[in-house]
Amino acid sequence: MTPNRLPLLYGMPLLLFIASLLQSTVAVRLVVRGVKPDLVLIIVVIGSLVYGGKAGMLWAFLGGIGLDLFSGGPLGISSLGLMPAALVASLGHRVLSRYHLFVPLGASALGTLIYGLIYVGLVAFLREASQTPLFGGITLPIYQLPFWATLQDVIVPATVYNTTIVLFMTPLLNRVPEVQEI
Amino acid sequence: MIRNTERRPRTLGDIGVRFIIFTLAALLLMALQLTGQLQSLRSAISFFMAPAQLGTTGAARSVTDAIEFLLELSTLRQRVNELEEINAALLAENFSLREVERENGEMRSLFQFAQTRPGLELRGAQIIARVIGQESTNFLDYIEVDLGATHNIDVGMPVVTEQGLVGRISEVNNVTSKVLLITDPSSAVNAILQSSRLNGIIQGTPNGDLLMDFIPQGPVFNVGEVVLTSSMGVLFPKGIPIGQVIERRQRDIDIFQQAVVRPSIDFSSLELVAIVTNFDRQENEAEPVLQPTPDPAVTQGTLVVTPSITTVITTVTTPVTTTP
């Protein structure tokens, strides 16, 4: 690994942690149609686009942990949603050209959808699991997210919001030169 | 150019391997947290993070206030040019005082709230918890406050403001706690319509509104009615305002009616809340069950009261992380 990439590798977790903090404190003031921007998701998607899936996977894991530290949800659930989103976004690193406008927009839209659907799916799984004897003796918290209402009122608006933010970031993103996967 | 087609052995760097490892790590963390094994670690993290959260929240609030203030200022200047110089001198002082005054006002209101409800013990000087953070994801509705186990805060304690019900404590760390808001879809609160005395259950929805469900068919209620916590539940003290009915949903084929309720609290701008520490759940349980009764002002000519319909409302479990 070349030395100039080390700051990125170590700086990114710090950036993700700050983004998580801002997500729980500042993002609430940027709410549009009931949803706030997913700062961590946007950073992970852009990071995966620029630097590839291997680093993106690590950042998705750490970013998800950061998010869950400031959330009432179970620890790790955001990581499980963000990692597939990073995986999809990383396709834009080599398979597609990230300099094409639709690649970052598509990565952001797909990433948000995948993250949201996995989050809702895991919540539903936990809810079912809490009612089965599989976890006998252990009291699991019960979370509830009605699928269609969450899709309509949260996931779709968040997809539009995040994609719009990435659209405005595209000129900046295009200035970053092509780099090898780290 | 000779292309090297030799397959590289799988290493930790491979995306697939990383994916599996991190997935397993996330699942392990989730399992540990859900079973309460990470409670002390989370307490330690929240101890260090609370000041940062409080600082960032305060900074964000100040920036928002400053922007709003500057917007007001530009309008003001157009109107009163001759007072511009005096205004400029007072602005700086005013800006800092506004924050103090607003906080003072909220504390006074909370104090009045406590005085009108002597049955509820609101924790003295520290009683008023500062909201230090909001939920980080779009899916759930929680807030974090700066009181925790060291302040004798416990899971399940109701959280209120002078405007109404906020939610209840769902997770307690040493110096911070998480509050499950009533707008979260996992939340369920036994409620009563103030005028028509109809009981139901208030549930959160993903769009931030509240839905009052399980209202018996038959009796009529009106848009605009105030919704209060009822004595049927054991989770919250009765008589705390929840919101106001903005839409009535009634279909003959349904067993129950529904009401869309607008919360009495603007949850996005919550800054101070009060935690009810001595709420005796037995006290609520001992209360007689309120039956639907006609309200002539509400039901002129169209009221059909069916006293035989008694909704049996069971307490719906809401997310609670218990300390082992």
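Proteins come first, then strands; the chains are lettered A, B, ... in the order of their sequence lines, and each starts at number 1.
Proximity to chain A is limited to the backbone of Ile132(B), based on heavy atoms less than 4.5 angstrom apart. With a threshold of 4.5 angstrom between heavy atoms, Tyr119(A) approaches chain B through side-chain atoms but not through N, CA, C or O. Heavy-atom distances place both the backbone and the side chain of Ala149(A) under 4.5 Å from chain B. For Val154(A), the part lying near chain B is the side chain, with the backbone staying farther off; criterion is any non-hydrogen pair under 4.5 Å. In this structure, chain A has heavy atoms under 4.5 Å from both the backbone and the side chain of Leu29(B). Both the backbone and the side chain of Thr23(B) come within contact range of chain A, each with at least one heavy atom under 4.5 Å from a heavy atom of that chain.
Within residues 103-116 of chain A, the residues having any heavy atom under 4.5 Å from a heavy atom of chain B are, by residue number, Tyr115(A), Gly116(A). Within residues 155-174 of chain A, the residues approaching chain B closer than 4.5 Å by heavy atoms are, in numerical order, Ile155(A), Ala158(A).
Counting heavy atoms from C-beta outward, Leu69(A) and Ile45(B) have side chains that approach closer than 4.5 Å. Counting only heavy atoms from C-beta outward, the side chains of Leu126(A) and Leu34(B) approach each other to under 4.5 Å.
Proximity of a side-chain donor or acceptor of Ser186(B) to a complementary backbone N or O of Gln144(A) within less than 3.5 Å is detected. A donor-acceptor pair under 3.5 Å is formed between the side chain of Asn138(B) and the backbone N or O of Lys36(A). Judged by distance alone, with hydrogens and angles left aside, the side-chain atoms of Lys54(A) form no donor-acceptor pair with the main-chain N or O of Arg18(B) at under 3.5 Å. In terms of modelled atom types and a separation under 3.5 Å, the side chain of Ser136(B) and the main chain of Leu67(A) share a donor-acceptor contact. When atom types are taken as modelled, the side chain of Gln53(B) and the backbone of Thr25(A) share no donor-acceptor pair closer than 3.5 angstrom. Here the side chain of Gln33(B) pairs a donor or acceptor atom with the backbone of Leu75(A) at under 3.5 angstrom.
Counted within 6.0 Å of CZ on Arg248(B), heavy atoms from surrounding residues, nucleotides or ligands total more than 12; the atom is thus considered enclosed. Other residues, nucleotides and ligands place more than 12 heavy atoms under 6.0 Å from the CG atom of Leu24(B). Crowding of Phe267(B) atom CZ: a count of heavy atoms from other residues, nucleotides or ligands under 6.0 Å exceeding 12.
For Phe102(A), the ring pair (Phe, Tyr, Trp, His ring centres under 6.0 Å) partners at least two apart in sequence or on another chain are His100(A).
In this structure, OG in Ser24(A) is found 8.0 Å from CE in Met49(B), a value given to the nearest 0.5 Å. Annotation: the span from Leu21(A) atom CG to Thr57(B) atom OG1 amounts to 7.5 Å, rounded to 0.5 Å. In this structure, Thr64(B) OG1 and Leu30(A) CG are separated by 8.5 Å, a value rounded to the nearest 0.5 Å. Taking CE from Met57(A) and CD1 from Ile21(B), the interatomic distance works out to 11.0 Å, rounded to the nearest 0.5 Å.
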Which atom pairs, one a donor and one an acceptor, fall under 3.5 Å between side chains of residues 76-86 of chain A and the rest of the protein, sequence neighbours left out?
residue	atom	partner	partner atom	Å
Ser78(A)	OG	Asp68(A)	OD1	2.7
Ser79(A)	OG	Phe61(A)	O	2.7
Ser79(A)	OG	Ile65(A)	N	3.3

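Of the listed residues (Gly208(B), Pro185(B), Ala25(B)), the one with the most heavy-atom contacts under 4.5 Å to chain A is Pro185(B). Looking only at heavy-atom pairs under 4.5 Å with chain B, the residue among Arg29(A), Arg33(A), Gln23(A) that has the most is Arg29(A). Among Ala27(A), Gly66(A), Pro146(A), Gly34(A), the residue making the largest number of heavy-atom pairs under 4.5 Å with chain B is Pro146(A).
Side-chain contact of Glu135(B) with Ser71(A): a donor-acceptor pair under 3.5 Å is present, judged by distance alone.
Looking at every heavy atom in both residues, Leu145(A) comes nearest to Phe139(B) through CD2-O, 3.2 Å.
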